[in-house]
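Comments concern the structure below.
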Amino acid sequence: MARYNHKKIEAAWQGVWESQNCFSVTEDESRPKYYVLEMFPYPSGRIHMGHVRNYTLGDVVARYKRGRGFNVLHPMGWDAFGLPAENAAIENKVHPGKWTRENIKDMRTQLKSMGLSYDWSREIATCEPEYYRHEQKMFLDFLEAGLVYRKKSWVNWDPVENTVLANEQVVDGKGWRSGAPVEKRELAQWNLKITAFAEELREDLKQLERWPEKVRIMQENWIGRSEGAYIRFQYNGRDDRLEVYTTRPDTIFGASFCAVAANHPLAQELAQSNDALADFIAECGRMGTSEAAIETAEKLGFDTGITVAHPFVDGGELPVYVANFVLMDYGTGAIFGCPGHDQRDLDFARKYDLVVVPVVAPNDIDPASFSIGDEAFTDDGTIINSEFLNGLGVAEAKSRIIEKLEQMDAGEGTVNYRLRDWGVSRQRYWGCPIPVIHCKDCGVVPVPHDELPVKLPEAVTLDEPGNPLTRHPTWKHVDCPICGKAAERETDTFDTFFESSWYFARFCSPDADDVGFTKTAANYWLPVDQYIGGIEHAVLHLLYSRFFTRALRQCGYLDIDEPFAGLLTQGMVCHATYRDDDGSWTLPDDVVEADGGALTHRRSGLSVSRGRSEKMSKSKKNVVDPEGIIDTYGADTARLFMLSDSPPDRDLDWTDSGIEGAWRYINRLWRLVDEPSEAFCERGTPRPEQLSKAGQAVLRQAHKTIAGVSEDLDSFHFNKAVARIRELTNALDELDLATEGDGWVYRETLEILVQLLCPMLPHLGEEMWKALGYDTLLVDQPWPSADPEMVVDDVVTVAVQVNGKLRGTIELPKDCANARAEEEALKLETVAAAISGSAPRKVIVVPNRIVNVVL
RNA sequence: GCGGGUGUGGCGGAAUUGGUAGACGCGCUGGAUUCAAAAUCCAGUUCUGGCAACAGAGUGUCGGUUCGAGUCCGACCACCCGUACCA
């Protein structure tokens with residue numbers, strides 16, 4: 001018996017597809033188009049199981065749609081700028097460009113071994129000037145359109161390395177390499193006005209029907225539209241006023257303090273003459289810039305000694321605090337605190353001994369007896385203790401107080417968004433240069449279009465901290481395009497989300513020279529019909545891309561609003577973790593399991609314990625390298641494992657026994673054609689007039705499987721599709737090839753099976769197709785269609801319950817009368833026994849499903 | 001902290017969307033084949049009790065709605081993702 005030689009077979013079919021250019025496509029108005037895109041990888045050097053999963057899912061969709069007659073665009077490229085290249089440069093003394101390009105070469109080979117149906121002629125790498133020159137042009141167009149501005153914002157500063165740290169590089173408030181406490185610094189940064197589209201981005205979520213609801217909800221919450229009011233409080237002893245933003249103007253009579261952010265102008269001003277406050281602000285600055293860090297820190301405040309006047313209470317004074325939980329980026333960077341009806345304000349008031357006055361009472365409680373304990377009351381209710389607002393509901397009180405504020409010029413109603421503008425400046429080398437020039441006389445001057453691209457200089461050193469662009473001897477020195485005097489280039493580069501915000505459009509015309517993409521190609525291919533990638537990109541990458549598309553639309557680049565019509569978010573690939581007795585992580589390959597289940601280390605022989613399954617990561621050493629798996633078992637086996645069992649949006653557990661099981665099934669399929677029985681008939685044999693009962697049943701099942709698998713693939717239930725196909729494989733065993741006609745059913749079913757397998761196991765599919773006697777390519781076969789008559793049964797099994805408890809089943813003709821179903825059900829002995837003579841109170845009949853006898 | 005998600009046999013999961021819980025696979029047990037093993041094939045496998053027929057329990061926990069709840073509602077627990085400079 002020959003063993004399935006995956007290495008030879010897979011390489012051979014990959015060669016055939018490539019030499020016949022099977023997957024290269026052009027615009028073709030005569031066919032419906034379908035654009036499948038998987039999130040392109042960062043070229044870290046080796047593909048990981050997450051990539052294998054992502055690209056398998058995309059490939060199944062691409063191949064299936066192709067079979068369904070679509071003109072399928074399925075491209076691949078590299079998200080090639082980013083921090084890891086700089087880290088590698090520092091650690092291994094390799095140039096980021098060299099490192100990245102070599103990684104791309106290695107990963108391309110690995111991806112090709114998976115047999116993915118990419119149009120490789122469209123491959124792009126974002127670190128090449130041919131790519132990034134176009135986004136420099138886009139940036140300048142955005143600048144002209146008023147969608148770009150410069151403003152100061154805070155960054156994590158490592159005082160030892162003299163460099164800006166990413167949030168990821170801040171561990172417990174300290175720099176990851178230096179260990180020095182991180183400081184906040186303010187830098188002038190380029191921002192894109194995503195907030196200009198806040199309402200549109202929110203509103204249009206509704207039309208993204210083929211996006212997971214959870215992603216739409218996350219984006220909606222991220223944008224965070226709120227209706228509230230600005231309120232201006234008069235300072236006591238100063239001429240100016242403190243403007244706060246609140247979503248609860250109705251609780252103004254319960255206000256007991258105001259608080260401003262540490263970087264609020266008032267705090268900054270007061271700190272100049274108040275050392276204690278300056279210390280407090282410095283302390284806040286050591287917290288790091290991430291929202292999680294700020295929100296989970298202990299809530300602290302500093303009483304400035306300044307007070308403001310309550311706008312509606314004569315003589316009412318509110319102390320003004322500087323507080324570490326007030327964010328300068330949200331609203332006005334200042335709040336009024338109403339402890340009775342906001343938990344954070346309540347915690348703060350208890351801590352600093354401030355008054356707590358309830359101003360909203362639950363509707364079902366006597367207001368006189370209502371007081372606030374440890375929990376703020378945040379629900380709707382009736383306004384109390386609030387003069388002219390008393391007795392109103394929350395909503396009415398809001399509009400009444402806003403009216404009043406506007407009359408008094410002490411504030412107004414407003415709509416506010418949590419969404420902040422997108423800061424795109426990065427103080428890093430390995431990114432796309434921001435194409436502007438700073439001139440002492442002319443200010444910020446855009447690089448003239450005919451001087452694009454501003455190329456990254458290759459000759460740099462990364463052996464000292466800081467951005468090499470700033471210390472490059474010549475690169476930044478240029479003449480001002482306006483006045484001609486000596487000026488300096490911007491040395492910041494773009495956030496790498498910039499590249500990934502339009503790459504889907506570049507794939508439509510990857511060779512376009514003078515434009516990022518042609519309108520003709522974009523109009524044909526866009527939007528992406530199905531986008532597939534990790535859930536971790538639910539907000540940032542996907543929201544930036546939605547914004548970028550609108551900004552491009554505004555500048556005349558394209559005519560669509562939404563870049564991705566369909567979205568599938570996949571779960572992570574997990575694996576069991578192992579630790580030795582010291583608690584250090586151990587590679588799964590080094591763990592040996594004895595018969596009794598005891599685990600030991602392969603080399604040291606010391607005992608090892610198995611931890612729970614976690615996301616594969618180098619740090620926990622629970623990674624399985626796809627290259628080894630493909631080498632041992634082949635791409636089809638790896639693909640099958642990725643598709644079986646777990647639905648794509650859930651986490652997937654990698655197990656050795658699982659991959660073994662997939663491998664066994666591949667071999668089982670192979671044997672179906674490798675050692676065919678002589679009774680299995682020739683290709684093209686006409687259908688016999690008579691089929692055995694078993695033959696008819698198997699044929700029906702084959703057609704039901706076509707219908708079921710089609711449905712499963714349309715809805716991305718790949719695991720169910722695999723299960724159905726395995727069931728059909730099992731059904732082949734029901735046939736007795738000695739029986740007249742069963743040989744024909746066997747071949748017919750096998751051909752259907754092979755066609756259904758094609759998108760998931762393309763190499764094995766081709767090989768089986770050939771073995772079945774065909775000299776055409778399976779990949780060019782249209783998807784099979786199910787005979788509708790074979791898909792429906794005329795007899796159904798109906799469950800019979802007594803008081804909701806199953807007592808038996810009956811066979812009934814499909815869609816028979818309820819009376820007949822009831823009659824048959826009551827005839828069951830088990831039913832008679834259960835009701836033991838008493839008359840049923842009622843009988844519920846759900847046609848074709850269930851009869852429930854209620855006593 | 002906040003936003004979003006997940007939870008079903010020993011394990012991954014399925015369940016026509018309120019109607020027979022456990023499809024399919026993994027693992028395990030027994031058998032066939034083999035000098036032996038691997039591979040392969042056949043049978044069994046939610047738990048408890050029982051030789052069995054069968055009975056009872058059962059979808060993270062507690063409570064509710066319903067003739068009927070894995071599915072709907074309320075409260076809670078655990079874990080995961082994101083949290084604006086990782087990609």
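All values derive from a computational prediction rather than experimental measurement. The sequence lines fix the lettering, A, B, ..., with proteins before strands; numbering per chain opens at 1.
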Given [options], which nucleotide is nearest the side-chain atoms of [X]?
| X | options | value |
| --- | --- | --- |
| A:A723 | B:rA14, B:rA23, B:rC86 | B:rA23 |
| A:R668 | B:rC41, B:rG19, B:rC86 | B:rC41 |
| A:E536 | B:rC2, B:rA21, B:rA87 | B:rA87 |
| A:M572 | B:rC81, B:rA87, B:rC85 | B:rC81 |
| A:L419 | B:rU20, B:rG56, B:rA84 | B:rA84 |
| A:R664 | B:rU83, B:rA84, B:rG27 | B:rG27 |
| A:D495 | B:rG13, B:rC85, B:rC67 | B:rC85 |
| A:T296 | B:rA21, B:rC86, B:rG1 | B:rG1 |
| A:E295 | B:rG19, B:rG1, B:rA87 | B:rG1 |
| A:R807 | B:rC24, B:rA84, B:rG56 | B:rG56 |

A:Y544 and A:W422 aromatic centres sub-6.0 Å: yes

Ring centers of A:W502, A:Y131 separated by less than 6.0 Å: yes

Ring-face cation of A:R344 near A:F325 (centre distance under 6.0 Å, axis angle within 45°):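 Geometry flag: not set, cation outside 6.0 Å or 45°.
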
Hey, does [X] reach any base, or is it just sugar-phosphate, or nothing, if we go heavy atoms under 4.0 Å?
| X | answer |
| --- | --- |
| A:Q343 | nothing |
| A:V800 | nothing |
| A:Q427 | base |
| A:V539 | nothing |
| A:T496 | sugar-phosphate |
| A:N730 | sugar-phosphate |

Residue whose nearest RNA chain B nucleotide is more 5′ - A:K842 or A:V846: A:V846

Near-strand residues of residues 76-89 of chain A, defined as heavy-atom separation under 4.0 angstrom from RNA chain B: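 The answer is A:D79, A:G82, A:L83.
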
Whole Å only: how far is the [atom1] atom of [X] from the [atom2] atom of [N]?
| X | N | atom1 | atom2 | value |
| --- | --- | --- | --- | --- |
| A:D342 | B:rC2 | CG | C1' | 12 Å |
| A:H541 | B:rC85 | NE2 | C1' | 17 Å |
| A:I844 | B:rG18 | CD1 | C1' | 12 Å |
| A:N156 | B:rU83 | CG | C1' | 14 Å |
| A:F718 | B:rG13 | CZ | P | 16 Å |
| A:D674 | B:rU40 | CG | P | 15 Å |

Test item: A:N162 side-chain N/O and A:G466 main-chain N/O as donor-acceptor pair under 3.5 Å: no

Any donor-acceptor pair under 3.5 Å from A:T655 side chain to A:G658 backbone: yes

Under 4.0 Å protein heavy-atom contact, by nucleotide of nucleotides 5-12 of chain B - B base, S sugar-phosphate only: S-S----B

A:F494 and A:F498 aromatic ring geometry - parallel, tilted or perpendicular at 30°/60° bounds: parallel

Parallel, tilted or perpendicular: ring planes of A:Y503 versus A:H541, cut at 30 and 60 degrees: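 The arrangement is tilted - the two ring planes meet at 30° to 60°.
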
B:rG31 glycosidic torsion: syn (within 90° of 0) vs anti: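 Anti, since the glycosidic angle lies more than 90° from 0.
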
Distance in Å, A:L187 CG paired with A:K151 NZ, rounded so as to fall on 0.5 Å steps: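 If I round to the nearest 0.5 Å, the distance is 13.0 Å.
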
Test applied, side chain to side chain contact (heavy atoms under 4.5 Å, CB included); reference residue, A:V155; option that passes from A:K184, A:E183, A:Q189: A:Q189

Qualifying residue, where the test is ring pair (Phe, Tyr, Trp, His ring centres under 6.0 Å) with A:H6 and the options are A:W670, A:Y633, A:W663: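 Of A:W670, A:Y633, A:W663, ring pair (Phe, Tyr, Trp, His ring centres under 6.0 Å) with A:H6 is met by A:W663 alone.
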
Stem segments of RNA chain B by first residue number [Watson-Crick or G-U, under 3.5 Å, at least 3]: B:1-7 with B:77-83, B:10-12 with B:24-26, B:27-32 with B:40-45, B:46-49 with B:54-57, B:60-64 with B:72-76

